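So the structure is just underneath, and the comments pick up after that.
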Amino acid sequence: MSSHSLITFTVDDLDSPRLQGLGMYISLKGAGDAGQAHLQIHNELFAQLRGQLVASFAADQLVVYTAQRPRVTYLGDHFAAYQRPVIELYLMTDEMDRDFWYLTGVEPDLLWEEFSADLLRLIDAFNIGPVVSTNSLPMPVPHTRPVGVTAHGNRPDLIEGISTWAPSAELPAGFTDLLEIRLAEAKRDVVGYSLHTPHYLAEAEYPPVAVAGLEYVGAALNLALPTERLREASRAIEEQLAEQINSSAEVRQMVDGFEKRFDAHAQEHAPRSLLLDEDQQLPSAEEIGARAETFLAGIEDLSQWLPDTQVEESNEHPGESGDTQL
């Protein structure tokens, strides 16, 4: 596959069979990233999994810097550490040595149709599918209930009965919304999960929404994605929130109101879980172990699943700021 105007490939072996037929996860940081879901997911994936940079996209052509101001450090008498915006495609390997594509970085401001056309050509060339995206929205929901979701796309098995809120509405578009439309038009499998973050926590780092995002993506793409550290952070946040609520009658009253409305809606629209089997039961530890053994037994040579090059350890996570190296 040859490079297009917006794409620069960083590897030579693009004809490798290993790159064919994999799923793709897309997480781009837009103007609204409630609960800092994108950043938490991005950091956790690169902290826990192996990744290889395969392609980068021309952020200078796609991003309006006055709309998404890059960050820079001022050190007393000079500027340093300019954090250039990036949009990058990685080949990642999950905790069960299964590969998947990961498109990460900032949401493009410009050339949406051209960028989506480039992605569609890439998806066709590597026979990628399904394509799964996540984003996080501020919603009037309580933090004391499970993170809700609005599921959308053209794979009924991955979206039907999942949504806790599924309105008909006209909304400001995001790039992944357009991409979902274009992929569906091209008969490519595409699914998105819009996560519901309590609006009063939208500006803070809210780990439960990142856990939910990784769970949905893992279930949709049949991947083992890391969530344990985020779960521990979630428990700590819940304890802090409980202390703050108990110390404020006004806040307690607000949360009580959200809980009543949430519970009333949930009774009428009980969502199913992608983690449940056909009998709506969670798989047992024995079943999970048996599936893992079956998967491992079917791989004659695990080395063929491992990236040739790993992302070098750095104080900065790839794809978010600074130059990225292999």
Side-chain angles (χ1 to χ4, degrees), residues 19-28 30 37-38 41 45 89-92 94-96 98-104 107 112 115-137 146-169 171 173-196 209-225 227 269-283 287-288 291 295:
L19 303 181
Q20 291 290 321
L22 304 176
M24 174 183 280
Y25 173 39
I26 297 178
S27 178
L28 299 173
H38 163 79
I41 289 173
L45 289 179
L89 179 66
Y90 286 84
L91 182 66
M92 306 293 291
D94 78 350
E95 294 178 327
M96 291 291 291
R98 290 171 288 201
D99 290 338
F100 65 100
W101 296 103
Y102 177 44
L103 180 66
T104 184
E107 180 185 42
W112 280 16
F115 186 34
S116 61
D118 278 358
L119 284 176
L120 188 55
R121 282 188 284 269
L122 186 148
I123 288 167
D124 285 339
F126 293 116
N127 192 28
I128 293 171
V131 176
V132 180
S133 67
T134 60
N135 67 318
S136 181
L137 309 173
V147 173
V149 67
T150 298
H152 38 87
N154 62 1
R155 280 284 301 271
D157 58 318
L158 298 178
I159 64 173
E160 285 187 354
I162 301 298
S163 297
T164 53
W165 185 65
S168 295
L171 307 169
F175 171 76
T176 54
D177 305 333
L178 170 64
L179 181 61
E180 181 178 309
I181 292 171
R182 295 293 177 256
L183 287 171
E185 291 172 347
K187 309 300 182 184
R188 284 287 180 180
D189 289 348
V190 58
V191 177
Y193 298 104
S194 298
L195 307 164
H196 306 165
V209 73
V211 172
L214 288 172
E215 285 182 342
Y216 281 113
V217 173
L221 294 180
N222 193 29
L223 297 171
L225 301 179
T227 61
H269 308 84
R272 72 179 179 92
S273 171
L274 287 176
L275 301 178
L276 301 180
D277 61 20
E278 60 184 10
D279 297 320
Q280 296 298 295
Q281 299 294 321
L282 283 170
E287 290 172 328
I288 295 174
R291 292 177 189 176
F295 172 77

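Everything quoted here is computed from the prediction, not taken from an experiment.
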Going from CG on L223 to CG on L214, what distance comes out if it is rounded to the nearest 0.5 angstrom? 10.5 Å
Measure the spacing between CG of N135 and NE2 of H38 and express it to the nearest 0.5 Å. 12.0 Å
Shortest non-hydrogen separation from W165 to T150 and the atoms involved: O-OG1, 2.6 Å
Check ion pair D118-R121 (N to O, under 4.0 angstrom): yes
Report yes if some heavy atom in the side chain of V217 is under 4.5 Å from a heavy atom in the side chain of I41; otherwise report no. no
d(D99 CG, M92 CE) to nearest 0.5 Å is 10.0 Å
Minimum heavy-atom distance A224-M96, with the two atoms named: CB-CG, 3.7 Å
Sub-4.5 Å side-chain heavy-atom contact between Y216 and I162: yes
In short, A151 meets S163 closest at the heavy-atom pair N-OG, 2.8 Å
Euclidean distance, S27 OG relative to L45 CG, rounded to 0.5 Å: 8.5 Å
Do Q20 side-chain atoms and A125 backbone N/O form a donor-acceptor pair below 3.5 Å? yes
Spacing of CD1 belonging to I123 relative to CG belonging to L183, to within rounding of 0.5 Å: 4.5 Å
Which label fits F175 and F115: parallel for a plane angle under 30°, tilted from 30 to 60°, or perpendicular past 60°? parallel
Residue pair L221, D94: steps toward the side-chain contact (heavy atoms from CB on, under 4.5 Å) verdict: CA-CA 11 Å; L221 294 180; D94 78 350; over 6 Å; no
Rounded to the nearest 0.5 Å, how far apart are OH of Y25 and OG1 of T104? 8.0 Å
side-chain contact (heavy atoms from CB on, under 4.5 Å) between L19 and W101, intermediate numbers included: CA-CA 9 Å; L19 303 181; W101 296 103; 3.9 Å; yes
Under a 4.5 Å cut-off applied to non-hydrogen side-chain atoms, are I128 and R188 in contact? no
If you take all heavy atoms of Y193 and L158, which pair is closest and at what distance? OH-O, 2.8 Å
Quick one: list whatever passes ring-ring contact (aromatic ring centres under 6.0 Å, His included) with F100, sequence neighbours left out. none
A173 and W112 have their tightest heavy-atom pair at O-CH2, 3.6 Å
Taking K187's backbone N and O only, do any of them form a donor-acceptor pair with N154's side chain (distance below 3.5 Å, no angle check)? no
Can you see which heavy atom on S194 is nearest to which on L137, and at what distance? CB-CD1, 3.9 Å
Decide yes or no for L103 and L119: does some side-chain heavy atom of the first lie under 4.5 Å from some side-chain heavy atom of the second? yes
Do M24 and L89 have side chains that get closer than 4.5 Å, going by heavy atoms? yes
Is there a side-chain contact between V211 and E215, using heavy atoms and a 4.5 Å cut-off? yes
